[in-house]
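Since this is a predicted model, take the numbers as computed values, not measurements. Order of listing sets the numbers, starting from 1, for every ligand and every atom in it. Side-chain atoms are counted along with the backbone in the values below, which use heavy atoms only and exclude waters and symmetry mates.
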Amino acid sequence: MDYGKKYIQKLSMLTAIVLSLDTILVLAIWLLLSNFLNDNILLVSFWVLLSAIVIGVSVRVLVLASYKPINTLSDAIIYAGHSTRGGVAPDTESLKIGHEMVSALALQVYDLASMAGQSKIIATSEQGITDQSMASVAIPAVNVTQIEQPSTNLDHVFLPIIGIDSNQIVTYINKTACEYFGCSYDKVINKPLYDSVKMLFDTDETFELWLNKTKDTTVNSSRSWERVRISDANGNPIKQFDLAASFSKQTGAGTETMLVVFDRSEEYTRDDRQISFVALAVHELRTPLTIMRGYIEVFEDEVGPTLTPELTSFMHKMHASAQQLTSFVGNILNVARIEENQLSLRLEKRDWADILKNAINDLALRAGVHGKHIELQINGEIPPVAVDQLSIHEVLNNLVDNAIKYSGNSDKIVVTTSVNKDGLIETSVQDFGIGIPSAVMPDLFQKFYRSHKSRVQIGGTGLGLYLCKSIVTAHDGNIWVRSKEGEGSIFTFTIQAFDKIKHEQTDNQDGIMRGAHGWIKNHSLNRQ
Ligand code: ADP
């Protein structure tokens, strides 16, 4: 603020000086001309002309003086962003007016440039964001023989920042990053990134895969990831962070990709602890719940026909609630298993129409209790599929459950299945309810994600869709959503026909084993 005041004071002073000089000059011109010219018209014409020149020059001086700091600041912003002009930071000291203000603001720009990705990360989809404004900071190229850490503005930024070249060799690492990753500068600089920083991702598209794909298709791109891990030798996470990457193609040497790390170790470790505690507690619910469900079913069969309509409806509600509790318990336990890389699936040859009919049969009661009915459409001949029956049941369960929860006043849910043009079996669960705003769609499949509205109005854990994605992915399938607010949503997933993958089954194996992965190593060598 003081810098701003000082700038205005200096500018006001300069304006006052220039205006005073103008007045003196204009008067002097008049006196001078009136001594030489007798013709009044000529005198006034010359005076107006010369005065206009004097005033024009003064206005230019004033405009330049006030514009230069803005121009320098704009250069600093471009320098801190995707600079295409080269890598020299503007010289703020050379400014005659406002150099203190511009220096202070430029420093903040450099800091903010590396923090700007933070807010974007929260809204990032698994597909990634393509927003070019994601912060990246242009780093001066690093001399190959230089091992002593050069000092740059970014050393004062509290976020860890790493730059890599087109061969994924580290060209820049700031002091914060060295401290964060616990590696000394000379052990990292000019070495392959993956030798020093072994990142684990909870999505299929790791940084390395994204980068390789990006290099082939674009010149500039940004992407961010939530929950990246660095683990110790036993696989326990020692650091957990969000990561923002900004790529700008380089033909020669020099920094091509900047990585900015946002530490979230505390929050994510808390999440992990919460889930293991909840999983432990929930595990104990399983046995009494199974017994309860068993007795409810026996009661329904034995005394159901003799009950009054009112008591029958109570019985249905009880049964539906027990089912809902069972699926909640299943979700929590499965997510905990995924976290620990312990959810394994056995894909077996099954009749998909049968599975769907059974699942819908189970869910019909729950839907009925909420005043909804489920319509099943099986389009054409469906070949036998390769599924883990229990897990795929959970996918259907979660999708139909959501359709029930989020279908508002509409009472219809449609489940459709058919073989798509790629020979995959495609199944959709459609509701005509509240729909999903497009802004939140990319986040739906993330763990614990719940849209703002749902959080307030409808109960849930934010784990259902995450689990669906993990299970469908383990089936070599895909899951996606189409939705319009106020009109409803269609969640669709694909699974494989058994014949397509039966070659994966070995003689001594029952079914095809798959893991619903938790953490994927970043380096292709590690993945093998
Ligand atoms: P939960 O339903 O327990 O919140 P999910 O992972 O199943 O968790 O869903 C995540 C979020 O996706 C929900 O909170 C909700 O905002 C949104 N969502 C899921 N299914 C639907 C649907 N059929 N219609 C509208 N919103 C949905």
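Judged by the shortest distance from any of its heavy atoms, L463 lies inside the 4.0 Å radius around the atoms of ligand 1. Using a 4.0 Å cutoff on heavy atoms, S489 counts as a contact of ligand 1. Residue-ligand proximity: F445 is placed with every non-hydrogen atom at 4.0 Å or more from ligand 1.
Applying the 6.0 Å contact sphere to CZ of F448 captures more than 12 heavy atoms from other residues, nucleotides or ligands. The number of heavy atoms from other shown groups lying within 6.0 Å of CG (N379) is above 12. No more than 12 heavy atoms of other residues, nucleotides or ligands shown are found within 6.0 angstrom of NZ on K502.
Between Y449 and ligand 1, a contact under 3.5 Å exists for no N or O pair. Polar contact check, Y466 against ligand 1: no nitrogen or oxygen pair lies under 3.5 Å apart. The shortest N/O to N/O separation between G460 and ligand 1 does not fall below 3.5 Å.
Shown in contact with G435 at under 4.0 Å from a heavy atom are these atoms of ligand 1, numbered in order with element: 25 (C). Distances below 4.0 Å separate heavy atoms of G464 from the following atoms of ligand 1: 5 (P), 6 (O), 7 (O). Below 4.0 Å from some heavy atom of L465 lie the following atoms of ligand 1, by number and element: 5 (P), 6 (O), 7 (O), 9 (O), 10 (C), 12 (O), 19 (C). Listed by atom number, the atoms of ligand 1 under 4.0 Å from K405 heavy atoms are 1 (P), 2 (O), 3 (O). Each of the following atoms of ligand 1 lies closer than 4.0 Å to a heavy atom of T461: 1 (P), 3 (O).
Between the side chain of K372 and the main chain of S410, a donor-acceptor pair closer than 3.5 Å is present. Side chain of N167 to main chain of I169: no donor-acceptor pair is present (N/O by atom type, distance under 3.5 Å, no hydrogens or angles). Remark: the backbone N or O of G488 is paired with a side-chain donor or acceptor of S483 at under 3.5 angstrom. When atom types are taken as modelled, the side chain of D351 and the backbone of P384 share no donor-acceptor pair closer than 3.5 angstrom.
Under 4.0 Å from ligand 1, not a single heavy atom of I458 appears. Under 4.0 angstrom from ligand 1, the non-hydrogen atoms of I436 all belong to its side chain.
A donor-acceptor pair shorter than 3.5 Å can be found between the side chains of R229 and Q240.
The side-chain tip of K239 points at the ring of Y180 from less than 6.0 angstrom away and within 45° of straight on.
Comparing heavy-atom distances from atom 17 (C) of ligand 1 across L444, D443, I434 singles out L444 as nearest.
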